[in-house]
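Structure first, then comments.
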Number of protein chains: 2
Amino acid sequence: MVKSSGDGAGAKKARSRPLDGAGDRLADARMAVSRHAVTLFLARGVSATSGDDIAAAAGVSTRTVWRYFRSKESCVEPMLAASAYRFIAPLRRWPLHATFEDFLLEDFAEVPPTPQDLADDALSMGLISLVRDEPALRASWLMVCGQAEQAFVPVVARRLDLPVDEFRVSLSAATAMAAARVVHEEVAVTAVTGVRTYTVEDVVRLLGKAIRASTAEPICDPRPRRAFLA
Amino acid sequence: MVKSSGDGAGAKKARSRPLDGAGDRLADARMAVSRHAVTLFLARGVSATSGDDIAAAAGVSTRTVWRYFRSKESCVEPMLAASAYRFIAPLRRWPLHATFEDFLLEDFAEVPPTPQDLADDALSMGLISLVRDEPALRASWLMVCGQAEQAFVPVVARRLDLPVDEFRVSLSAATAMAAARVVHEEVAVTAVTGVRTYTVEDVVRLLGKAIRASTAEPICDPRPRRAFLA
DNA sequence: AAAAGCGTAGTCACTTAGTGACACCACGGC
DNA sequence: GCCGTGGTGTCACTAAGTGACTACGCTTTT
């Protein structure tokens with residue numbers, strides 16, 4: 001089913017991958033296919049959508065779909081990952097003296113998401129709301145959370161002034177992203193079922209609370225001055 | 001690829017499922033197949049093992065394998081889940097006044113694992129050490145961690161004296177199991193690569209430290225008396 | 001400007017993963 | 001004895017996923 005490396009494509013040159021802005025042609029192509037896959041999954045369900053359907057909708061050959069993705073379900077990963085990165089990427093610029101909420105809200109005000117981003121986030125939320133019932137989809141969602149966890153590691157390391165390979169750092173990144181996952185799932189199901197609606201601010205506050213509760217490390221708040229301890 | 005429900009089999013009657021001791025004939029059969037699958041995966045690698053191979057090794061028809069499991073990779077889930085439950089199931093009896101480490105170590109001394117359990121744990125560890133490289137296996141591992149999270153919910157609820165559907169409870173269960181996952185992965189790779197060895201006590205202490213660090217809630221220690229706050 | 005080099009997509013034949021339908025026990029109740 | 005009921009095997013089939021090769025576009029070289 002899977003040869004060895006993750007998602008065939010990118011193995012060749014490991015080119016740039018800016019993580020933030022656009023630019024990677026291959027990543028864009030994968031993203032386009034992913035968007036069509038998600039749309040189809042939401043419209044007719046995962047099992048009623050074939051690889052051929054996805055290929056046809058995206059206007060590429062079936063072979064290309066399997067070159068891009070290691071399985072049908074993993075087609076959703078770029079979409080979900082992109083939504084996650086829209087939160088995590090800005091945090092690489094998060095100044096040490098700012099709180100989680102203050103920084104993120106200010107940043108969103110300064111660099112507002114594009115309409116495309118918002119549409120993608122809506123699709124992602126729809127998908128996340130399905131994750132409880134569709135095991136294959138859940139596996140992909142958890143994989144994306146794992147990627148998010150990796151992307152969050154340097155943020156935590158900087159906040160704690162610790163090297164990225166420190167155990168405390170990976171632990172904190174893992175628990176924080178677990179908290180973020182639970183919040184996202186909760187938000188997705190309540191939003192999709194119409195129980196309530198959320199503003200960006202609501203979500204940021206929920207995330208902040210959850211991440212604070214998820215670790216004894218002070219990653220969300222200004223770092224205490226070392227001088228007091230020395 | 002997947003019809004709708006998780007792992008075809010058990011849908012019919014949702015019979016007992018004792019979670020602890022043996023007894024379920026179907027679960028035992030699934031476990032036996034799972035054990036053979038894990039052995040083969042470890043011996044020759046996942047992609048070099050086919051569904052037919054697993055069926056042949058387990059002495060059942062291929063059709064039965066697909067009835068038991070929704071995919072080749074998910075064959076490993078019963079083995080991994082059983083290892084996880086050997087930690088979580090006892091915790092349902094965890095008295096409120098005992099610390100995590102004290103209770104678990106005492107319990108393991110009283111009810112020592114069978115040789116079969118120990119062998120299964122060794123296989124599981126071998127498998128967990130592979131999850132970093134094999135994405136399909138990683139997805140299954142994360143699914144098992146999700147099941148463990150669900151199983152941990154009632155334990156947390158009891159410790160916090162909160163209903164099982166409280167958000168704080170699912171949050172804590174999620175972050176605690178994320179911590180446990182990171183510890184298990186670390187232990188698995190260092191143990192398998194021979195960097196160091198672990199006793200049960202080592203693992204329990206590592207888990208305790210990690211879970212304590214993973215949540216602001218006092219789930220690992222005796223619950224503070226409410227009377228002081230009232 | 002032609003040629004060579006390279007990276008990516010398409011085509012098609014092929015293997016393996018996974019499902020549906022039905023026959024066949026083994027078991028327990030009556 | 002007969003009748004459900006639940007689990008398994010057989011077989012035919014669909015869908016997922018791979019290998020090998022071709023063809024196109026783009027850059028670099030001469």
Side-chain angles (χ1 to χ4, degrees), chain A residues 1-17 24-33 36-37 40-41 44-77 134-137 139-140, chain B residues 1-16 24-33 37 40-41 44-77 134-137 139-140:
Chain A
M1 195 183 210
V2 154
K3 196 71 267 184
S4 71
S5 67
D7 279 41
K12 278 296 153 57
K13 199 63 175 303
R15 70 230 281 113
S16 46
R17 265 212 289 146
D24 199 325
R25 300 181 8 73
L26 207 59
D28 291 348
R30 281 166 49 90
M31 187 66 185
V33 175
H36 281 103
L40 287 173
F41 287 168
R44 336 180 184 157
V46 179
S47 56
T49 304
S50 72
D52 287 339
D53 294 338
I54 297 170
V60 296
S61 74
T62 309
R63 188 65 184 86
T64 296
V65 171
W66 301 134
R67 258 198 277 265
Y68 284 178
F69 303 105
R70 68 180 184 288
S71 71
K72 193 172 73 170
E73 294 77 25
S74 71
C75 288
V76 306
E77 293 181 16
E134 299 250 22
L137 226 48
S140 288
Chain B
M1 198 184 207
V2 154
K3 195 68 276 178
S4 72
S5 67
D7 279 41
K12 280 295 151 60
K13 199 62 176 301
R15 67 223 289 109
S16 45
D24 199 326
R25 302 180 3 74
L26 207 59
D28 292 347
R30 282 165 48 91
M31 187 66 186
V33 175
L40 288 173
F41 287 169
R44 337 179 184 158
V46 180
S47 55
T49 305
S50 72
D52 287 339
D53 294 338
I54 298 170
V60 297
S61 75
T62 309
R63 188 65 184 85
T64 297
V65 171
W66 301 134
R67 260 197 276 263
Y68 283 179
F69 303 105
R70 68 180 184 287
S71 70
K72 192 172 74 170
E73 294 76 27
S74 70
C75 289
V76 305
E77 292 181 16
E134 298 249 20
L137 226 47
S140 289

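Residue numbering restarts at 1 for every chain, and letters A, B, ... go by the order of the sequence lines.
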Worksheet item: Where along nucleotides 8-13 of chain D does protein come under 4.0 Å, by heavy atom, of base (B) or sugar-phosphate alone (S), with - for untouched nucleotides?
Response: BBBB--
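- Taking atom NZ of residue K72(A) and atom P of nucleotide dG17(D), one finds them 8 Å apart after rounding to whole Å.
- Straight-line distance from the CZ atom of F69(A) to the P atom of dA9(C): 11 Å, rounded to whole Å.
- For S50(B), the side-chain hydrogen bond (donor to acceptor under 3.5 Å, both in side chains) partners at least two apart in sequence or on another chain are D53(B).
- With sequence neighbours excluded, the residues satisfying side chain to side chain contact (heavy atoms under 4.5 Å, CB included) with A27(B) are D24(B).
- Summarising the geometry, the separation between CD on E73(A) and C1' on dG18(C) is reported as 12 Å, rounded to the nearest angstrom.
- The CZ atom of R25(B) sits 13 Å away from the C1' atom of dG28(C) (whole-angstrom rounding).
- Contacts classified as salt bridge (charged side-chain N to carboxylate O under 4.0 Å, His left out) and involving residues 56-66 of chain A (residues at least two apart or in different chains) are not found.
- Residues forming a side chain to side chain contact (heavy atoms under 4.5 Å, CB included) with A29(A) (at least two apart in sequence, or on another chain): Y68(A).
- When rounded to the nearest whole Å, the span between CG of D52(A) and P of dC12(C) equals 14 Å.
- Here the P atom of nucleotide dA17(C) and the CZ atom of R70(A) are 16 Å apart, to the nearest Å.
- For the side-chain hydrogen bond (donor to acceptor under 3.5 Å, both in side chains) test, no residue two or more places apart in sequence or in another chain qualifies with T49(A).
- Between E77(B) and R70(B) a salt bridge is recorded (basic side-chain N to carboxylate O distance below 4.0 Å).
- One atom, CZ of R44(B), and another, P of dT16(C), lie 12 Å apart when rounded to the nearest Å.
- Per the geometry, CZ belonging to F41(B) stands 12 Å off C1' belonging to dA17(C), to the nearest Å.
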